[in-house]
There are 2 protein chains.
Amino acid sequence: MSKNCRFAVAVHIAAVLALSGDEPATSEWIAGSVNTNPVVIRRLLSALSKAGLVRSLRGSAGGSLLARPPERITLLDIARAVEEDEGPALHHQPPNPACPVGRGIQPVLVRVIDRAEAAREAVLGTTLLSEVVTQIRAEAMG
Amino acid sequence: MSKNCRFAVAVHIAAVLALSGDEPATSEWIAGSVNTNPVVIRRLLSALSKAGLVRSLRGSAGGSLLARPPERITLLDIARAVEEDEGPALHHQPPNPACPVGRGIQPVLVRVIDRAEAAREAVLGTTLLSEVVTQIRAEAMG
DNA sequence: GCGAAACGTAATCTCATCAGTTACAGTTTA
DNA sequence: TAAACTGTAACTGATGAGATTACGTTTCGC
C-alpha cells in the first residue's frame, strides 16, 4: 500500500474498542490485531484522546475505551483527529506575480481544492463507526 | 505549503497554455510563471501529454499547446493525469486474521474510502479549466 | 547542412514524512 | 513493592518529491 495508513489504522483501533465495550483494550492487544508495534497504536490513541474520542486508563489493568458510543462517532471525527491539517497543497515557492496566472491562481486553487475536500469529508461525516463495525462483523463472518 | 504540488502546478501549467492560445509556450517560460525549474514543468507536461490533454512541439520554436479547448478539460482530467493512482491507503502489513476486526476491516475501509474519493472527484469533474481561467483573470485584475 | 532552441528523460541530491523500534519515566493496581 | 500499563522522546530505514545537472534528439531558420 502507499502512505498515510493513519486513518486506516485509527479506524481499526476504534473498531476494536467498539467491540471491546467496557473492557479496556491494551495497546499491545490492539497492536496484535493491527499487526504493528504498540507504540504506533499509542501514538494514534494519543491523537484520538486529544480529540475526545477515546479515554485511556493508566497503570496496571489499564487500557483504552471509547469516550462515547460508536453511534456518535463518525469517520470524519477520526480522520480529523489523526490527519495532519495542512491547508490545500499549493506551490512550494510562491508563483511569479509578474505573470497574470502566477498572480491570480492561488486563491482559485484554494477554493476548488477546499470544495473537493469538503465533498470528501461529507461522506466521512455521514458514516458512523457503528455502521463500520456492523459491516466488519458481516465481512468477518462471510 | 505541504505536499503533492503536482496537481496545483499542473493546473497552473494548463492555465498558462489556455491563455497562450495558439502560441506554443516553452517549459522555460512556464517555469518562470510557476517559479520552479523547467524540468519539473517538462515532467508534468509529459504526464499531461500521455493523458492527451497537451500537445508538445519539439525543436526550435517548439513548446506546448492544449490538445483541446479549455471548455472541454476538467480539473479531474488534470488530477488523473498527474496524480499517482495508488488505491486507498490501507495497512502496511496485512492485519491479523485471527481477530474479527483484522479479518473483516479491509474491504469495509476500501468501500468507504473509495466513496469519499469519488465525492471529491465529482467536484473536480464538474470544474472546467475555462472557468478556472476566468476566475484567475478576475483575481489578477482585482 | 549547421547551429541554436527546444523537448524528453535519466541520474543525482536534498529534504520531509512515516512506520517501526528501543528506551525510559510516570501511574495504577494487587 | 512488583508487575503491567500509558505517554513520549529519540533513532533508524524506507519512500517520495522537487530541484538540478546532463545529455541525446528533434526541428527551424539561415
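A, B, ... follow the sequence lines: proteins, then strands. Residue 1 opens every chain.
The CD atom of A/Q106 sits 10.5 Å away from the CD1 atom of B/I136 when rounded to the nearest 0.5 Å. For the atom pair A/S33 OG and A/I30 CD1, the distance stands at 8.5 Å (nearest 0.5 Å).
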Report summary line: Reading nucleotides 22-30 of chain C from 5' to 3' and marking B where a protein heavy atom lies under 4.0 Å of the base, S where only the sugar-phosphate is that close, and - otherwise, the string is BB--BBBS-
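A/E83 CD: more than 12 foreign heavy atoms inside a 6.0 Å radius.
Rounded to an integer number of Å, the gap from B/N4 CG to D/dG16 C1' is 9 Å. Summarising the geometry, the separation between NE2 on B/H92 and P on D/dA14 is reported as 14 Å, rounded to the nearest angstrom. Rounded to whole angstrom, the span from the CD atom of B/E84 across to the C1' atom of D/dG18 amounts to 14 Å. Atoms CZ (A/R55) and C1' (D/dT6) sit 15 Å apart, rounded to a whole Å. A straight line from CD1 of A/I41 to C1' of D/dC5 spans 15 Å, rounded to a whole angstrom. At whole-Å resolution of the value, CG in B/L44 and P in D/dG18 are 7 Å apart. When rounded to the nearest whole Å, the span between CD of B/Q93 and P of D/dA14 equals 14 Å. Rounded to a whole Å, the CG atom of B/L90 is 13 Å from the P atom of C/dA19.
Direction of the helix axis in the helix from C/dG1-D/dC30 to C/dA30-D/dT1 shifts by 10° between the two five-pair termini, rounded to 10°.
Residues from residues 9-32 of chain A with heavy atoms under 4.0 angstrom of DNA chain C: there are none.
A/V9 and A/L124 fall within a single hydrophobic cluster, where Ile, Leu, Val, Met, Phe, Trp and Tyr side chains are chained together by heavy-atom contacts under 4.5 Å. In the hydrophobic clustering of ILVMFWY residues, with side-chain heavy atoms under 4.5 Å counting as a link, B/L17 and B/L19 come out together.
A salt bridge (Lys or Arg N to Asp or Glu O under 4.0 Å) check over residues 110-119 of chain B, counting only residues at least two apart or in different chains, returns the pairs A/E139-B/R111, B/E117-B/R120. Under the ring pair (Phe, Tyr, Trp, His ring centres under 6.0 Å) criterion, the residue pairs touching residues 12-47 of chain A are A/H12-B/H91, with sequence neighbours excluded.
The side chain of B/S46 places an N or O atom within less than 4.0 Å of a non-bridging phosphate oxygen (OP1 or OP2) of C/dT9. Here A/T36 does not reach the OP1 or OP2 of C/dA19: none of its side-chain N or O atoms lies under 4.0 Å away.
Here B/S64 lies out of heavy-atom contact (under 4.0 Å) with every strand.
Between B/L45 and A/N35, the residue whose closest nucleotide on DNA chain C is further toward the 5' end is B/L45. Comparing A/G62 and A/K50, the nucleotide of DNA chain D nearest to each residue sits closer to the 5' end for A/G62.
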Atom pairs and distances, side-chain donor-acceptor, residues 55-82 of chain A, under 3.5 Å, sequence neighbours left out:
{"from": "A/S56", "atom 1": "OG", "to": "A/S64", "atom 2": "OG", "distance (Å)": "2.9"}
{"from": "A/R68", "atom 1": "NE", "to": "A/R72", "atom 2": "O", "distance (Å)": "2.8"}
{"from": "A/R68", "atom 1": "NH2", "to": "A/R72", "atom 2": "O", "distance (Å)": "3.1"}
{"from": "A/R68", "atom 1": "NH2", "to": "A/D77", "atom 2": "OD2", "distance (Å)": "3.3"}
{"from": "A/T74", "atom 1": "OG1", "to": "A/L76", "atom 2": "N", "distance (Å)": "3.3"}
{"from": "A/T74", "atom 1": "OG1", "to": "A/D77", "atom 2": "N", "distance (Å)": "3.1"}
{"from": "A/T74", "atom 1": "OG1", "to": "A/D77", "atom 2": "OD2", "distance (Å)": "3.3"}
{"from": "A/D77", "atom 1": "OD2", "to": "A/T74", "atom 2": "N", "distance (Å)": "2.9"}
{"from": "A/R80", "atom 1": "NH2", "to": "A/E121", "atom 2": "OE1", "distance (Å)": "2.7"}

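Between A/G102 and A/P95 the shortest heavy-atom distance is O-CG, 3.4 Å. Between A/A140 and B/R103, the shortest heavy-atom contact is O-NE, 3.3 Å.
A donor-acceptor distance shorter than 3.5 angstrom exists from the side chain of A/N35 to the backbone of B/P94, with no hydrogens or angles considered.
Looking at A/R43, its side chain comes within 3.5 Å of the base of C/dG20 through a donor and an acceptor atom.
Of the residues listed (B/V16, B/V132, B/V34), the one engaging A/V101 in a side chain to side chain contact (heavy atoms under 4.5 Å, CB included) is B/V16, and it is the only one.
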